[in-house]
2 protein chains.
Amino acid sequence: MFRLAGGGSRVGESTAEPVRRVRADAQRSRDALREAAKEIFAVSGVDAPVREIAERAGVGLGTVYRHFPQRSDLVTAVFRYEIDQCAAAAPELAAAHPPIEALRLWLDRYIEFMATKRGLVAALHSGDPAFAPLPGYFDAHLRPALETLLGAAVASGQVRRDVDAKDLLVAVANLCLPAEEDAAHTRRMVSLLIDGLRYGAGH
Amino acid sequence: MFRLAGGGSRVGESTAEPVRRVRADAQRSRDALREAAKEIFAVSGVDAPVREIAERAGVGLGTVYRHFPQRSDLVTAVFRYEIDQCAAAAPELAAAHPPIEALRLWLDRYIEFMATKRGLVAALHSGDPAFAPLPGYFDAHLRPALETLLGAAVASGQVRRDVDAKDLLVAVANLCLPAEEDAAHTRRMVSLLIDGLRYGAGH
DNA sequence: CGCCAACCGGAACAAGGTTCCGATCCTACC
DNA sequence: GGTAGGATCGGAACCTTGTTCCGGTTGGCG
């Protein structure tokens with residue numbers, strides 16, 4: 001048997017693996033689906049019908065299931081993507097703002113992320129094994145992002161040292177949960193929290 | 001217009017309301033459904049199909065929806081019934097055993113109750129408004145039951161006084177959650193907890 | 001330019017919740 | 001005891017939603 005789609009490796013590319021180039025239309029479909037799912041999940045929750053997502057993405061049902069064999073794969077893909085985006089914002093903010101400000105802005109960004117997670121918490125607790133790896137992904141990506149920002153703020157003397165990044169992530173997440181509708185309230189509470197961070201700082 | 005099914009009030013019965021007598025077959029169906037649902041929920045979780053419950057109860061689908069207009073009504077009915085049964089066990093145990101023993105036995109009963117609640121916790125967190133009143137019902141019935149037992153045990157000098165009934169209910173419930181399969185483990189932990197109750201008691 | 005594997009669309013299937021309505025069965029009344 | 005009538009029953013049918021399947025289409029390479 002021949003290796004399927006072994007096309008041939010390109011110059012300057014590692015030949016260790018055949019890296020089949022994805023077709024342009026396939027990539028387009030995948031991106032459109034991710035984007036559509038993200039928007040619809042934010043509005044209707046993660047229980048939104050697959051057909052609705054397919055329609056908004058402008059693709060057929062078969063295309064959805066080609067890229068995401070199960071509904072839950074679409075959910076986790078969106079979740080991972082959003083986690084990545086949120087984590088990626090950290091170094092950008094750190095480069096553009098002073099430490100304490102970068103920290104504050106990133107937490108705003110994190111709140112925005114959590115705000116779209118209606119129903120996902122329930123899904124995580126549903127016992128569906130498809131969602132089991134998500135908490136780990138969450139911790140593996142967001143914690144280091146926050147740790148960097150927090151470390152810089154501590155080093156600059158503007159924030160006390162006895163604050164744990166994971167604690168802070170969980171605390172802010174919990175602040176987001178009850179006020180699913182009232183974003184302003186959440187922001188006030190988190191603002192309070194940030195002020196608390198500064199209490200007893202060296203500077 | 002005549003009052004529908006106003007049959008007529010009976011001697012010795014308050015005439016304040018017409019109390020339409022439920023038909024015997026209807027009552028039978030309702031009881032059979034509650035019992036069937038209880039058994040099936042315990043085995044397959046609260047997501048079990050309505051058809052399966054109807055079949056086990058030996059009734060048609062229409063009968064299910066006559067008594068429980070929505071699926072969730074069946075779930076809450078079973079939940080309420082089990083809470084009632086569990087709460088009702090408290091005075092019986094109190095009458096038949098010394099205080100500390102009654103307390104221990106009732107907590108065993110409570111554990112048994114919690115053990116069948118697989119998936120219900122997730123349902124409660126799903127945001128479905130149909131389940132919103134359940135936590136209140138839980139607190140309104142089980143807390144007084146435990147408070148009575150706890151009070152008697154304290155009064156007898158066998159249990160310390162600084163234990164709150166609600167805290168205890170939640171703590172035991174949490175002990176039940178992780179060990180969905182290993183009932184023995186849960187019982188060991190709760191046993192430990194009960195011994196803790198005696199620590200520092202007057203007697 | 002032409003091939004063909006990968007990709008696409010959507011019809012079709014499966015499962016589960018809910019509705020509907022003719023047939024049936026209690027209960028009240030005579 | 002018998003009967004009328006409305007409550008109740010059973011299950012077929014309908015709708016929504018997840019998933020599979022397959023014939024038609026197309027991007028990318030030779």
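A quick note: this is a predicted structure, and the numbers were derived from the prediction, not measured. Scope of the values below: all heavy atoms of this structure, side chains included, with no hydrogens, waters or symmetry mates.
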Item to check | Whether A:Phe113 and A:Phe79 hold their rings parallel, tilted or perpendicular, with breakpoints at 30° and 60° | outcome: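 A:Phe113 and A:Phe79: tilted rings.
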
Checklist entry - Does one side chain, of A:Tyr137 or A:Asp84, offer a donor that lies under 3.5 Å from an acceptor on the other? => result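 Note: A:Tyr137 and A:Asp84 side chains meet the donor-acceptor criterion.
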
Checklist entry - Is there a donor and acceptor pair closer than 3.5 Å between the side chain of A:Arg21 and the base of D:dG28? => result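 Absent.
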
It should be established whether [X] places a side-chain nitrogen or oxygen under 4.0 Å from OP1 or OP2 of nucleotide [N].
X       : N     : value
A:Thr63 : C:dG9 : yes
B:Ser29 : D:dC9 : yes
B:His67 : D:dC9 : yes

Once you round it to whole Å, what is the distance between [atom2] of [N] and [atom1] of [X]?
X       : N      : atom1 : atom2 : answer
B:Leu33 : D:dG10 : CG    : C1'   : 12 Å
B:Tyr65 : D:dC15 : OH    : P     : 16 Å
A:Arg23 : C:dC4  : CZ    : P     : 15 Å
A:Ile53 : D:dT17 : CD1   : P     : 11 Å
A:Leu61 : C:dC8  : CG    : P     : 13 Å
B:Arg51 : C:dA14 : CZ    : P     : 14 Å
B:Asp25 : C:dT24 : CG    : C1'   : 10 Å
B:Arg66 : C:dT24 : CZ    : P     : 17 Å

Checklist entry - Given that B:Ala24 and B:Ala48 both sit by DNA chain C, which one's nearest nucleotide is further toward the 5' end? => result B:Ala48

Item to check | NZ/NE/NH1/NH2 to OD/OE distance under 4.0 Å, B:Asp164 and B:Lys166 | outcome: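 B:Lys166 and B:Asp164: not salt-bridged.
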
Next on the checklist: Can you confirm if the NZ or CZ of B:Arg34 lies within 45° of the ring axis of B:Phe68 and under 6.0 Å from the centre of its six-membered ring?
Outcome noted: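 No.
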
